[in-house]
Amino acid sequence: MPELPEVQTILDALAPLIWEQVIVDVSVLWPGVVDRPSVDEFVAAVRGRRVVQTSRRGKYMLFQLDDACWLIMHLRMTGNMRVVFREEPVQPHDRLVFHLENGRDWRFNDTRKFGRAYLVSDPDEVVGKLGPEPLDESFSAAYFIEKLAGRRAAIKTLLLDQRIVAGVGNIYADEALFRARVHPLRAAGSLQPREIAALVDAVKGVIAQALDEMGTTLRDYRRPDGSVGEFQNSLQVFRRTGRPCPRCGAMIERIVVGGRATHFCPVEQRLDA
DNA sequence: AAGAGACCCTGGATGC
DNA sequence: TGCATCCAGGGTCTCT
């Protein structure tokens with residue numbers, strides 16, 4: 001579900017509620033949620049630790065603990081987090097609960113069981129291969145031109161490759177391609193430098209706006225206080241199949257690229273450009 | 001090395 | 001109403 005803006009929005013709301021809190025105990029409600037180390041080792045190592053820092057890398061949330069280990073979590077498609085009073089009943093798809101010293105529970109809920117928790121001494125074990133953050137200056141036209149050179153894969157597929165740029169998912173890939181007027185099936189290596197520069201700008205613009213609007217709620221995504229995001233009101237092509245292009249009025253089309261639903265304007269985004 | 005496809009899961013929407 | 005099928009915001013693994 002969540003892409004960079006949703007992860008950041010959740011983390012921003014969560015961070016002040018867990019900062020400097022000691023995790024007095026851990027309940028693993030579904031063992032598959034713990035990727036590494038073993039469930040027993042994970043629980044033993046996290047218990048009694050204090051959360052000293054929170055950050056985000058791509059779509060991963062990082063929580064540094066006071067023994068210099070890192071708790072890292074990925075929400076995948078349907079994961080979400082909340083901090084609630086301990087008395088609140090456990091919800092149907094709660095998978096992992098951190099009991100905090102202040103009597104509250106930090107709960108990870110994930111319908112589809114794709115989300116994962118990692119406990120590592122070096123964050124690079126998990127996030128080391130990620131590409132630059134889209135809003136960082138290192139994600140530049142020059143960088144992107146170099147990464148796309150010679151690649152025959154569809155440009156959309158490479159936008160979703162977290163090793164090239166970290167945090168872009170299906171929604172923002174489609175929206176950025178529309179803004180840059182690039183067809184999602186264009187061979188990445190065939191893009192002109194000006195098109196790549198426009199795409200970099202479009203990615204930055206879409207991500208920045210979605211951050212400002214607290215993410216996109218299509219179904220599952222909620223901010224930790226239960227409220228929805230706002231960017232769904234700003235979508236121009238994503239899941240708007242058959243509706244008019246906001247720029248030219250042509251009918252938005254849906255195709256499948258790299259196994260993912262893909263939405264674009266066949267007039268604004270030409271394959272033979 | 002790069003790219004295509006299977007796979008991991010549950011539940012909501014849609015079709016018959 | 002009931003059942004089958006398709007679909008979903010992500011990432012990893014295998015095979016070619």
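The figures here come from the full heavy-atom set of this structure, side chains too, leaving out hydrogens, waters and symmetry mates. A note on names: the letters A, B, ... follow the listed sequences, proteins ahead of strands, and every chain is numbered from 1. Values in this document were obtained by computation on a predicted structure and should not be read as measured data.
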Using only side-chain N and O atoms of A:Arg95, determine if any of them is under 4.0 Å from OP1 or OP2 of B:dT10.
-> no
Compare the minimum distances between each of C:dA8, C:dG10, B:dA2 and the side chain of A:Asn170, then state the nucleotide with the smallest one.
-> C:dG10
Please assess A:Asp40 against A:Ser38 for the test side chain to side chain donor-acceptor pair (under 3.5 Å), listing each intermediate value before the final yes or no.
-> CA-CA 5 Å; A:Asp40 289 346; A:Ser38 70; 5.6 Å; no
A:Arg107 to A:Phe98 six-membered ring, cation-pi geometry met (6.0 Å, 45°) | no
Test side chain to side chain contact (heavy atoms under 4.5 Å, CB included) applied to A:Gln209 and A:Ser234, step by step = CA-CA 9 Å; A:Gln209 184 183 345; A:Ser234 300; 3.3 Å; yes
Checking all strands, does A:Thr216 fall into the base, sugar-phosphate, or nothing category for heavy-atom contacts under 4.0 angstrom?
-> base
Taking atom P of C:dC7 as reference, at what distance in whole Å does atom CZ of A:Arg219 sit?
-> 14 Å
Would you name the heavy atoms of A:Val237 and A:Cys265 that are closest together and state the gap between them?
-> CG1-N, 4.5 Å
List in chain and number order the residues that pass salt bridge (Lys or Arg N to Asp or Glu O under 4.0 Å) with A:Lys156, two or more places apart in sequence or in another chain; answer none if no residue qualifies.
-> A:Asp174
Rounded to the nearest Å, what distance is computed from the CZ atom of residue A:Arg163 to the P atom of nucleotide C:dG11?
-> 12 Å
C:dG9 phosphate, OP1 or OP2, under 4.0 Å from A:Arg76 side-chain N/O | no
Taking the six-membered ring for Trp, are A:Trp70 and A:Tyr60 ring centroids under 6.0 Å apart?
-> no
Please find out if less than 6.0 Å separates the ring center of A:Phe178 from that of A:Phe264.
-> no
Determine the contact category for A:Tyr172: base if any of its heavy atoms lies under 4.0 Å from a base atom, sugar-phosphate if only primed atoms, P, OP1 or OP2 are that close, otherwise nothing.
-> nothing
Qualifying salt bridge (charged side-chain N to carboxylate O under 4.0 Å, His left out) pairs with a residue from residues 80-90 of chain A, counting only residues at least two apart or across chains = A:Arg82-A:Glu88, A:Arg86-A:Asp105
Sorted by first residue and then second, give each salt bridge (charged side-chain N to carboxylate O under 4.0 Å, His left out) pair with at least one member in residues 251-260 of chain A; sequence neighbours left out.
-> none
Let me know the distance between NE2 of A:His263 and P of C:dC7, rounded to the nearest Å.
-> 12 Å
Give a yes/no on whether any side-chain N or O of A:His93 is located under 4.0 angstrom from OP1 or OP2 of B:dC9.
-> no
Watson-Crick or G-U pairs under 3.5 Å in DNA chain B, rendered as dot-bracket with [ ] for crossing pairs and | for another strand | .|||||||.|||||||
Nearest-angstrom distance from the residue atom CG of A:Leu160 to C1' of C:dG9 | 11 Å
If you measure from CD1 on A:Ile145 to CD on A:Gln192, what distance do you get to the nearest 0.5 Å?
-> 10.0 Å
Side chain of A:Tyr60 (C-beta onward), nearest among B:dG3, C:dG9, C:dG11 | C:dG11
Nearest-angstrom distance from the residue atom CD of A:Gln162 to P of C:dG10 = 8 Å
If the P atom of C:dT12 is compared with that of B:dG11, how far apart are they to the nearest Å?
-> 24 Å
Could you give all pairs that pass the salt bridge (charged side-chain N to carboxylate O under 4.0 Å, His left out) test and reach residues 139-152 of chain A, with sequence neighbours left out?
-> none
If you measure from the P atom in C:dC7 to the same atom in B:dG5, how many Å do you get, rounded?
-> 15 Å
Any A:His74 side-chain nitrogen or oxygen under 4.0 Å from OP1 or OP2 of C:dG10 = no
Sugar-phosphate only, base, or nothing, as touched by A:Phe231 at under 4.0 Å among non-hydrogen atoms | nothing
Short side-chain N/O contact from A:Arg260 to OP1 or OP2 of C:dA8, under 4.0 Å = no
Residues in contact with DNA chain B, drawn from residues 111-132 of chain A - heavy-atom cutoff 4.0 Å = A:Thr111, A:Arg112, A:Lys113, A:Phe114
Nearest-Å distance, NZ (A:Lys59) to P (C:dT12)?
-> 10 Å
Taken to the nearest whole Å, CG/A:Leu148 to P/B:dA2 is 12 Å
Integer-rounded Å distance: C:dG9 C1' and A:Gln232 CD | 12 Å
Nearest-Å distance once atom P is located in both B:dT14 and C:dG9 = 16 Å
For atom P, what is the distance between C:dG11 and B:dA1, given to the nearest Å?
-> 22 Å
